[in-house]
S.K.: 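Quick one: structure below, then a few questions.
Computed from heavy atoms alone, side chains included, the values below leave out hydrogens, waters and symmetry copies. Naming: A, B, ... by sequence-line order, numbering from 1 per chain.
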Amino acid sequence: MNGSLTFLSVAPEIALAAAVVLLLLVEVTFKPRAWAWAVVAGAGLAAGTALSAWQWVAHRGADTGTFWNGMIAVDGFAALAGLLVFPLAGLGLMSAWRLAASQGRRGAEFIALVLLAAAGAHLMAAAADFIMLFIGLEVFSLSLYVLAGFTRERVDADEASLKYFLLGAFASAVFLYGVALVFAATGSTTFYGDGGIADYLAGTVIFRPGVLLAGLALLLVGLAFKVSAAPFHVWAPDVYQGAPGGVTGFLAAAAKVAGFAALARVLTAVLGARADDWVPAVAVLAAASVVVGTLLAIVQDDVKRLLAYSSVAHAGFILTALVAGRGGVGDMWFYLATYAVQVLGAFTVAAAVSGDRAGRSPLAHWAGLGRRAPWLAAAMTLMLLAMAGIPLTAGFAGKVAVFRAAIDAGYLWLVIVAVLATVAGLFFYLRVIVAMYLASPEEGASLPASPAVGWGARFVLAVAAAATLVFGIAPWPLLEVLRDALPL
Amino acid sequence: MTVNQFLILGALLFSLGVYGVLVRRNAVAVLLSIELMLAAVNINLVAFGSLLGDTLHTGHIFALFVITVAAAEVGIGLAIVILIFRNRSSANVDELDLMKW
């Protein structure tokens with residue numbers, strides 16, 4: 001089917017792009033109320049989800065088909081990325097709805113950027129050529145840079161935006177240099193098919209692999225930046241702390257899903273023949289991420305910053321699955337899906353506690369939350385326990401899955417490091433829980449007005465809590481299904 | 001055809017860009033340094049594309065995409081720098097220290 005120009009292969013992106021154009025046109029023409037934005041955005045995301053579901057039913061477990069001259073891959077992997085990213089963008093919009101609505105007419109731009117980011121994220125997962133991967137990466141990243149600084153009058157949001165932009169653009173340039181070197185070594189930028197990179201590497205013995213290995217290393221650095229794996233994580237804490245509360249959850253969840261989808265396809269499917277070269281590097285990145293993320297999270301006094309360092313540690317846990325190569329991709333998806341929902345839920349609570357527009361969320365804001373807002377505190381407790389990996393939550397099932405994948409691949413030392421980091425991580429998660437239930441607000445401390453939760457945020461928290469519990473108690477059905485989502 | 005001179009030029013330009021990102025204080029200068037890195041990538045892509053001589057001209061096409069996307073990137077980057085400048089009357093990246101550790 002290579003070469004056939006079928007629009008169905010990129011239908012999810014078309015649906016999202018059409019929704020963006022429609023949204024902006026409706027906005028400038030009719031200046032409608034906010035609910036009209038919700039209708040257009042919801043229709044676009046629902047169409048994207050439905051088309052991904054159709055692709056999933058048609059292609060799960062089958063070989064990867066490529067379209068548009070080997071530019072776009074249609075397979076279970078890409079379909080699953082859509083099934084994850086589009087609903088996640090919908091939940092992210094609900095979580096950020098009060099923020100969007102508070103921005104006046106600019107709210108439409110906010111929603112358009114979230115939709116564009118979702119389209120870019122799906123393109124990253126569905127790319128079958130480095131050119132497409134680069135375009136998806138940039139569509140996705142450029143949208144997030146703007147979202148991080150959307151409350152433009154707040155100086156810490158501007159700072160977050162600039163830091164994200166400069167480091168992200170730097171990482172993109174490093175990634176591109178890596179692509180250029182891989183292109184030099186293999187003579188192609190296409191992943192699949194005759195003469196594609198995977199084909200070339202599987203069939204050729206490279207006597208002087210220096211250029212290929214340098215390209216592989218730079219590719220890995222560029223993508224490790226995007227998923228905030230240590231030592232390339234320095235942007236994450238500043239961005240997550242400075243970005244407006246309402247949107248931080250989407251930033252954190254979407255960056256992980258898109259980055260890891262791209263990483264998994266490039267490493268396991270395209271460079272699978274060179275697994276002996278990249279697996280040790282990924283193992284070192286994973287170990288560095290869990291250790292650095294956990295240790296630095298322990299000393300934080302700001303909950304959003306703490307969650308950012310915890311997300312660095314989680315990047316390490318997810319990378320742990322990838323040392324198993326193709327065998328770990330299903331486990332990676334399980335961890336990624338459950339973690340994305342948890343982190344979105346946790347940042348949604350943070351936005352409710354400290355304000356949709358506020359960047360910071362100092363631990364003092366959380367004192368006595370258990371009495372002031374018992375439901376919020378309960379939801380946050382569940383999210384934190386799941387991230388810590390307590391049994392009967394999805395976080396525990398995910399950790400068991402990725403650890404088992406790494407042990408099967410012979411990386412026992414990595415699993416030992418990760419388990420020790422998990423235990424140490426309990427400390428900072430419990431610190432927030434203790435603050436919520438056992439601490440009292442300081443006398444005269446200026447707490448934000450009573451936590452305000454919109455209907456959108458309530459729905460997000462209900463979904464996050466339900467998913468965390470259901471997939472924590474019975475993870476097997478989902479794990480089985482996700483094993484069909486391999487990039488071939 | 002020998003491509004060594006192009007590859008050396010590309011590597012030097014890339015290193016110059018990395019150096020600029022690391023040491024320049026003005027956000028606009030950092031942005032320029034990132035552009036240098038992308039230019040280095042383009043030189044590499046075009047040189048390899050010519051060397052490999054594939055009929056699809058992948059390297060040249062890729063360079064065109066990089067140029068286009070880099071333009072979009074600079075647009076957004078300069079907008080963010082202007083935002084920072086309006087709020088603080090300075091575009092010095094060393095002064096962006098509201099958040100640390």
S.K.: Just by distance, do the side chain of B/N87 and the backbone of A/R152 share a donor-acceptor pair under 3.5 Å?
M.R.: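 Looks like yes, one N/O pair under 3.5 Å.
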
S.K.: Among A/T189, A/L142, A/V174, which residue forms the greatest number of heavy-atom pairs with chain B at distances under 4.5 Å?
M.R.: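 Option with the top pair count is A/L142.
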
S.K.: Which one wins on heavy-atom pair count under 4.5 Å against chain A: B/V30, B/T58, B/T68, B/I61?
M.R.: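 With the most close heavy-atom pairs to chain A, the winner is B/T58.
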
S.K.: Can B/V41 and A/V179 be said to form a side chain to side chain contact (heavy atoms under 4.5 Å, CB included), step by step?
M.R.: CA-CA 9 Å; B/V41 170; A/V179 171; over 6 Å; no

S.K.: Does CZ belonging to B/R88 count more than 12 external heavy atoms closer than 6.0 Å?
M.R.: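 Check passes, neighbour count above 12.
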
S.K.: Using a 4.5 angstrom heavy-atom cutoff, name the option from B/E35, B/R86, B/M37 with the most pairs to chain A.
M.R.: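 That would be B/M37.
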
S.K.: Sort A/V139 into side chain, backbone, both or neither according to what part of it lies under 4.5 angstrom from a heavy atom of chain B.
M.R.: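 Nothing of A/V139, per the 4.5 Å heavy-atom cut-off to chain B.
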
S.K.: Give the member of B/L7, B/V81, B/I76 that has the highest number of heavy-atom pairs under 4.5 Å with chain A.
M.R.: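 Answer, by heavy-atom pair count under 4.5 Å with chain A: B/I76.
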
S.K.: Measure the CD-CG distance between A/E153 and B/L83 for me, rounded to the nearest 0.5 Å.
M.R.: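 Rounded to the nearest 0.5 Å, the CD-CG separation comes out at 9.0 Å.
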
S.K.: Could you tell me which portion of A/Y177 (side chain, backbone, both or neither) has an atom closer than 4.5 angstrom to a non-hydrogen atom of chain B?
M.R.: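 A/Y177 touches chain B through backbone and side-chain heavy atoms alike.
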
S.K.: Heavy-atom distances under 4.5 Å only: say whether A/V146 touches chain B with side chain, backbone, both or neither.
M.R.: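 Side chain only.
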
S.K.: Quick one: pull up CD1 in B/I84 and NZ in A/K163 and give me the separation to the nearest 0.5 Å.
M.R.: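 So the CD1 of B/I84 and the NZ of A/K163 are separated by 9.5 Å.
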
S.K.: About how many Å separate CE of A/M132 and CZ of B/F65, when rounded to the nearest 0.5 Å?
M.R.: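 If we round to the nearest 0.5 Å, B/F65:CZ and A/M132:CE are 5.5 Å apart.
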
S.K.: I'd like to know whether CZ of B/R25 has more than 12 heavy-atom contacts from other residues, nucleotides or ligands below 6.0 angstrom.
M.R.: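 Check fails, neighbour count at 12 or below.
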
S.K.: Heavy-atom distance under 4.5 Å to chain B: side chain of A/F170, backbone, both or neither?
M.R.: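 It is both, since atoms from each part get that close.
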
S.K.: Could you have a look at A/S141, A/S161, A/S172 and say which one has the most heavy-atom pairs with chain B under 4.5 angstrom?
M.R.: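 Of the options given, most contacts go to A/S161.
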
S.K.: Can you tell me which portion of B/L52 sits under 4.5 Å from chain A's heavy atoms? Options are side chain, backbone, both or neither.
M.R.: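 Just its side chain gets close to chain A.
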
S.K.: Examine whether an atom of B/A11 lies under 4.5 Å from a heavy atom of chain A, and if so say whether it belongs to the side chain, the backbone or both; otherwise answer neither.
M.R.: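 It is both, since atoms from each part get that close.
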
S.K.: Assess whether side chain to side chain contact (heavy atoms under 4.5 Å, CB included) is satisfied between B/F62 and A/L176, documenting all intermediate values.
M.R.: CA-CA 10 Å; B/F62 204 153; A/L176 274 178; 3.9 Å; yes

S.K.: Determine, step by step, whether B/L31 and A/F165 satisfy the side chain to side chain contact (heavy atoms under 4.5 Å, CB included) criterion, reporting the C-alpha distance in whole Å, the side-chain angles of both residues, the deciding distance to 0.1 Å, and the verdict.
M.R.: CA-CA 10 Å; B/L31 211 57; A/F165 172 78; 3.0 Å; yes

S.K.: Sort out for me which of A/D129, A/L162, A/T190 touches chain B most, counting heavy-atom pairs under 4.5 Å.
M.R.: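 Of A/D129, A/L162, A/T190, A/L162 has the most heavy-atom pairs under 4.5 Å with chain B.
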
